[in-house]
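A short worksheet on the structure shown next.
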Amino acid sequence: MRVVVRIVAVLLALAIATAGALLAVEVGWRWLRPDAGPLVVPWPRWRAELSTLTWESTPVRVTALITAVAGLLLLVAALATGRRDVALLDPAPGVTVRTSPRSLARIVGTRVRAQDDVSGATVSASRRKVRVRASSAIEPEARLRPRLTGVVGAVLADLPLARTPRVSVVVDSPRDRP
Amino acid sequence: MTPSLRAVARSYRAERGLTGVVGLLALLAGALALVVAAGWLGRFRAARPVLDPVALDTIAAWPLMARIAAIVAGVLLLVLGLWLAARALRPEAHPDLRLDDALTVTSGALSSAIAADAERVRGVDRAKAAVVGERDAPALRLSLWLAEGADVKAVWQELDGSVLRRARESLGVDALPTAVRVELGAARRTRVR
């Protein structure tokens, strides 16, 4: 997503620069040579067309809709690019430590999968919450869940995290099915 | 924002800001045009042409003003657009450390020395270092891949006590703002032969 935003930003910046240059050049040209036609942009034709189109005409509505949707996409892309790093405690003044949510999920997942009676686990982690979904063929959820919650809590307690995320564990076991 | 926090990753503020502002403006403009077209601002307004003769007459009444404003706006947009494009395309700066007039440590030399030093810490599988920031306020970005089961707190202690202290001492600076990015349990897999 960050690469997308960077490419989009470059294209937008170049579009802004081009539009500005064309605006200045066309206005200046018209000022110097009022009788000559437009230099690059066929603006007299555009002006004639725009003065016949009304706001409620279909082309205007379609253009407005496309513009609004494109704007929304750009806005979402810009907002989605924020950093999701997990902060660790600073070991010394002037030193900042960050880790990725993915690596947090990886070590939690490794530890959970190493537990007895766990046949598989998926973990997603963020700065606020660690979600574990484990599956077990042998143990029911009521027995396995407290154990896994304790294990995940211990893994997190071992890390110097600036803020301990909440832990949620779900166990998927055939023993729980009637 | 402290220097070490700024060194965590390359700043995306300008790119995000540009994309977000353009997106917001496009969204508002499109929505406003739809509102006008729907007749919520009056049926009369909806039936008017997009390029309103009243607006054109207003501009025609002030020809000099309108022309100067348009040219100034065009030049400003050109400069702004070029500046933003150059900023987004520019690779991240890795400044050399200038210790005094005669002695400069290149960023590459410093990075590989610190990375090699960090890789010797127990529990660190791989390390990468880079000098980032401005020339007169350089900072260090250290990426560490920790082996599985590494004691993070012990790694911290050794990192600050030996690697970073040695770096500061060898450079003769009192403080070296440092951002450490750790990947936990991310040792390279050994291939079975």
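Each chain gets a letter, A, B and so on, in the order its sequence line appears, and its residues count up from 1.
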Step by step, work out the side chain to side chain contact (heavy atoms under 4.5 Å, CB included) result for A/Leu88 and B/Trp156. CA-CA 11 Å; A/Leu88 275 71; B/Trp156 269 200; 3.6 Å; yes
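Heavy-atom distances place the side chain of A/Asp85, and not its backbone, under 4.5 Å from chain B. For A/Val60, the part sitting under 4.5 Å from any heavy atom of chain B is the side chain, from C-beta outward, and nothing else. The contact between A/Ser51 and chain B is made by backbone and side chain atoms together, counting heavy-atom distances below 4.5 Å. Proximity to chain A is absent for every atom of B/Arg6, based on heavy atoms less than 4.5 angstrom apart. Only the backbone of B/Ala31 comes within contact range of chain A, with heavy atoms under 4.5 Å apart. For A/Arg106, the part lying under 4.5 angstrom from a heavy atom of chain B is the side chain only. At a 4.5 Å heavy-atom cutoff, A/Leu22 makes no contact with chain B through either its backbone or its side chain. Residue B/Arg45 touches chain A through both its backbone and its side chain, counting heavy-atom pairs closer than 4.5 Å. For A/Ala70, no part lies near chain B; criterion is any non-hydrogen pair under 4.5 Å.
For the set A/Asp158, A/Thr54, A/Leu104, A/Thr96, the count of heavy-atom pairs under 4.5 angstrom toward chain B peaks at A/Thr96. Counting heavy-atom pairs closer than 4.5 Å to chain B, the top residue among A/Leu89, A/Thr81, A/Val25, A/Val8 is A/Thr81. With chain A as partner, the option from B/Ala46, B/Gly23, B/Ala88, B/Ala29 having the largest number of non-hydrogen pairs under 4.5 angstrom is B/Ala46. Ranked by heavy-atom pairs under 4.5 Å with chain A, the list B/Ala47, B/Gly17, B/Pro177 is led by B/Ala47. Between chain A and the options B/Val8, B/Leu24, B/Leu34, B/Leu159, heavy-atom pairs under 4.5 Å are most frequent for B/Leu34.
With values rounded to the nearest 0.5 angstrom, B/Leu32 atom CG is found 12.0 Å from A/Thr67 atom OG1. Remark: B/Leu146 CG to A/Ile107 CD1 distance equals 9.0 Å, nearest 0.5 Å. Note that CG of A/Leu23 and CG of B/Leu77 are 7.0 Å apart. Values are rounded to the nearest 0.5 Å. Atom CG of A/Leu50 sits about 11.5 Å away from atom CG of B/Asp52, to the nearest 0.5 Å.
The two residues B/Val152 and A/Pro160 make their nearest non-hydrogen contact at CG1-CD, 3.6 Å. Counting all heavy atoms, side chain and backbone alike, A/Gly71 lies closest to B/Ala26 at CA-CB, 3.7 Å. Looking at every heavy atom in both residues, A/Trp55 comes nearest to B/Ala33 through CZ3-CB, 3.9 Å. Across every non-hydrogen atom of B/Ala85 and A/Ala13, the tightest pair is N-CB, 3.5 Å. Smallest separation of non-hydrogen atoms from B/Ala37 and A/Arg61: O-NH2, 2.9 Å.
In this structure, B/Arg67 contributes its side chain and A/Trp31 its backbone to no donor-acceptor pair below 3.5 Å. Side-chain atoms of B/Thr19 never come within 3.5 Å of backbone atoms of A/Leu74 as a donor-acceptor pair (strictly under, hydrogens ignored). Panel note: side chain B/Arg16, backbone A/Ala78; a donor-acceptor pair is recorded below 3.5 Å.
Just one of B/Leu18, B/Val79, B/Leu78 meets the side chain to side chain contact (heavy atoms under 4.5 Å, CB included) condition when paired with A/Ile16; it is B/Leu18.
No path of Ile, Leu, Val, Met, Phe, Trp and Tyr side chains, each step under 4.5 Å between heavy atoms, connects B/Leu27 with A/Val5, placing them in separate hydrophobic clusters. Connection of B/Val182 to B/Val132 is not established within any shared hydrophobic cluster, with ILVMFWY side chains joined at heavy-atom distances below 4.5 Å, either directly or through further cluster members. Using a 4.5 Å cut-off between side-chain heavy atoms of Ile, Leu, Val, Met, Phe, Trp and Tyr, with links allowed through other members, A/Trp29 and A/Val41 fall into the same hydrophobic cluster. Following chains of ILVMFWY side-chain contacts shorter than 4.5 Å, one can reach A/Leu161 starting from A/Val97, so the two form part of one hydrophobic cluster. Residue B/Ile59 is not grouped with residue B/Ile68 when hydrophobic side chains (ILVMFWY) are merged at heavy-atom distances under 4.5 angstrom, including chains of intermediate members.
Residues of residues 137-155 of chain A lying under 4.5 angstrom from chain B, judged on non-hydrogen atoms, do not exist.
The 12-atom threshold is not exceeded at CZ of A/Arg111, counting heavy atoms of other residues, nucleotides or ligands nearer than 6.0 Å. With a 6.0 Å radius and a threshold of 12 heavy atoms from other residues, nucleotides or ligands, B/Arg10 has its CZ atom above the threshold. Around CD of B/Gln157, the count of heavy atoms belonging to other residues, nucleotides or ligands within 6.0 Å does not exceed 12.
Under the 4.0 Å criterion applied to side-chain N and carboxylate O atoms, A/Arg102 and B/Glu183 are not assigned as salt-bridge partners.
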